[in-house]
Amino acid sequence: DLILSTESKVLSTNIKTFEEQANANLATLTTTFETDDDFAKADSEVKELEEIEDKIRTAIKQTHNGEIAELISTAEQIAERFRQERLSREKMVKNRKAEIKETIISQAFERILTIKGNHESDVSLALERNIPRGNIKKRLEEATKRRSTLATLTSAVNAEETAITAEIGTEAARISARRKLIPIHHEYLFKDWLVLIAGKEELEPIIQQRIAEEEKREAEIKAKAEQEAKAKAKAEAEKVQAEAKAIADEMEQQQAVEKPQDFAKTENTEPLEDFVITIRLNQTIQSHAVSIARELKARFGDCVSLNKIK
């Protein structure tokens, strides 16, 4: 302890010895903060520094007269050094504790994210929707509150990490099972698949309803297409038949007017030649084609033939 006893002059003091002791004391203060023991020792040193500072200032107050300015100045300087060291140490301890706390939280957070990211991409996306990163970090930070030592803080964070990891595993299994319910060949009906697999609503009735509606729509489209095809084929057949009948009627009229014997009586000087008339029947059924061929054969004989286009 610092001793100051004065009248008009300094009667007794151990200021030099005390200063040497103070220097030695300050040199032994803890500089490493990693374990609970380190922080406990630092907290104890802060209290001791404050006690020494108070004792020095008490000794100073007891010396108010005499030629003791130098003595008081020296004592004040020593007290100030203890005060500065105390403040610096308090700040250093506080900052270091915060760094270690953040490291413990960050390491747990990264381990959780690694586990979360090991699932299939679809499952991972849904997990992020239901258990977002921000919530995980917040839960880990909440777990550190009211923890006075590194041991209790670490234990609390580890316990919360275990709980979150278990929740992720359970939720991933649920989401994966829901994802498998959506049939691959009908995936285009489920553009909102992420919302569906992440949600809590029963999924099977939704899937069945959408597939049933799609099958109904496809059946209606198919029926409409078939009706249109039949109508088109019928129209084409009727058109071909009408054209064939018109040609047959015209040729029949010509045959009625121009008999073979008439050609011999006419004075037409054109040479007689052979001709081939080709009739193409598009989009008609075989029975119609045969019927038309028979009509022509009845009029023109065996020179009429019917061939199917390949």
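Atom set for the values below is all heavy atoms of this structure, side chains included, hydrogens, waters and symmetry mates excluded. Keep in mind it's a predicted model, so treat the numbers as computed, not measured. Residues: numbered from 1 along the sequence shown.
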Interatomic distance, T74 atom OG1 to E19 atom CD [nearest 0.5 angstrom]: 6.5 Å
Which residues share a side chain to side chain donor-acceptor pair (under 3.5 Å) with R210, sequence neighbours left out: D192
Side chain to side chain contact (heavy atoms under 4.5 Å, CB included) assessment of E228 paired with K232: CA-CA 6 Å; E228 291 176 349; K232 182 178 180 181; over 6 Å; no
S88 (side chain) donor-acceptor with Q84 (main chain) under 3.5 angstrom: no
Test item: T162 side-chain N/O and N158 main-chain N/O as donor-acceptor pair under 3.5 Å: yes
R111 vs Q107 side-chain heavy atoms within contact, under 4.5 Å: yes
Shortest non-hydrogen separation from L113 to R133 and the atoms involved: CD2-CG, 3.9 Å
Heavy-atom pair with the smallest gap, counting every atom of L49 and F82: CD2-CD2, 3.4 Å
E214 and R217: CA distance, side-chain angles, deciding distance, salt bridge (charged side-chain N to carboxylate O under 4.0 Å, His left out) verdict: CA-CA 5 Å; E214 177 64 8; R217 187 185 71 84; 2.8 Å; yes
Counterpart residues, salt bridge (Lys or Arg N to Asp or Glu O under 4.0 Å), relative to R81 (two or more places apart): none
Shortest non-hydrogen separation from V93 to F33 and the atoms involved: CG2-CE2, 3.7 Å
Nearest-0.5 Å distance, CG of residue L203 to CD1 of residue I182: 5.5 Å
Shared hydrophobic cluster, M92 / I100 (ILVMFWY, side-chain heavy atoms < 4.5 Å): yes
Listed partners of T152 passing side chain to side chain donor-acceptor pair (under 3.5 Å), at least two apart: T149
Salt bridge (charged side-chain N to carboxylate O under 4.0 Å, His left out), paired with K116, selected from E110, E128, E171: E128
Over 12 foreign heavy atoms within 6.0 Å of CD, E120: no
Any donor-acceptor pair under 3.5 Å from T58 side chain to D54 backbone: yes
CZ-CZ distance between F190 and R179, expressed to the nearest 0.5 angstrom: 10.0 Å
Reported CD1-to-CD1 distance for the pair I206 and I211, which is rounded to 0.5 angstrom: 12.0 Å
Distance (rounded to the nearest 0.5 Å) between E161 CD and I112 CD1: 5.0 Å
Set of residues satisfying side chain to side chain contact (heavy atoms under 4.5 Å, CB included) with respect to K91, sequence neighbours excluded: N95
Stepwise salt bridge (charged side-chain N to carboxylate O under 4.0 Å, His left out) test for E34 and R96: CA-CA 8 Å; E34 298 294 341; R96 185 55 184 152; 2.5 Å; yes
Straight-line distance of N130 CG to L125 CG, nearest 0.5 Å: 11.5 Å
Least distance between heavy atoms, D122 atom then I197 atom: O-CD1, 4.1 Å
Qualifying residue for side-chain contact (heavy atoms from CB on, under 4.5 Å) with K41, from D36, T30, T35: T30
Salt bridge (Lys or Arg N to Asp or Glu O under 4.0 Å) involving E50 - partner list, sequence neighbours excluded: none
Contacts of E102 that satisfy side chain to side chain donor-acceptor pair (under 3.5 Å) - sequence neighbours left out: S106
Heavy-atom donor-acceptor pair, S155 side chain to A151 backbone, under 3.5 Å: no
Which residues share a side chain to side chain contact (heavy atoms under 4.5 Å, CB included) with A233, sequence neighbours left out: none
Any donor-acceptor N/O pair, N135 side chain to I131 backbone, under 3.5 Å: no
Residue list, side chain to side chain donor-acceptor pair (under 3.5 Å) with K145, at least two apart or on another chain: E142
Single-linkage hydrophobic cluster, 4.5 Å side-chain cutoff, W193 and L181 together: yes
Neighbour count >12 (heavy atoms, 6.0 Å) for atom CD, E187: yes
By side chain to side chain contact (heavy atoms under 4.5 Å, CB included) - contacts of L153 (at least two apart): K101, I104, T144, R147, V157
Listed partners of E167 passing salt bridge (Lys or Arg N to Asp or Glu O under 4.0 Å), at least two apart: R139
In one Ile/Leu/Val/Met/Phe/Trp/Tyr side-chain cluster, 4.5 Å: I115, F109: no
A126 to A198 - nearest heavy-atom pair and separation: CB-CB, 4.0 Å
Full working for salt bridge (charged side-chain N to carboxylate O under 4.0 Å, His left out) between K16 and E20: CA-CA 6 Å; K16 295 296 182 181; E20 292 174 358; over 6 Å; no
Pairwise side-chain contact, K200 with R174, heavy-atom cut-off 4.5 Å (strictly under): yes
E202 CD: over 12 foreign heavy atoms closer than 6.0 Å: no
Close side-chain approach of I168 to H119, heavy-atom, < 4.5 Å: yes
Sub-4.5 Å side-chain heavy-atom contact between T17 and Q21: yes
Joint hydrophobic cluster, F39 plus L29, side-chain heavy atoms closer than 4.5 Å: no
Beyond-backbone contact of I15 with I78, side-chain heavy atoms, under 4.5 angstrom: yes
Minimum heavy-atom distance between A75 and I56, given as atom pair plus value: O-CG2, 3.4 Å
Option from E53, R57, E85 for which side-chain contact (heavy atoms from CB on, under 4.5 Å) with E80 holds: R57
Partner residues of R146 under the side chain to side chain contact (heavy atoms under 4.5 Å, CB included) criterion, sequence neighbours left out: none
Residue pair L140, I164: steps toward the side chain to side chain contact (heavy atoms under 4.5 Å, CB included) verdict: CA-CA 9 Å; L140 292 174; I164 293 173; 4.3 Å; yes
E218 atom CD, over 12 foreign heavy atoms within 6.0 Å: yes
Partner set under salt bridge (Lys or Arg N to Asp or Glu O under 4.0 Å) for E51, not counting sequence neighbours: none
Note: R86-E90 ion pair, threshold 4.0 Å (strictly below): yes
Pairwise side-chain contact, T13 with F18, heavy-atom cut-off 4.5 Å (strictly under): no
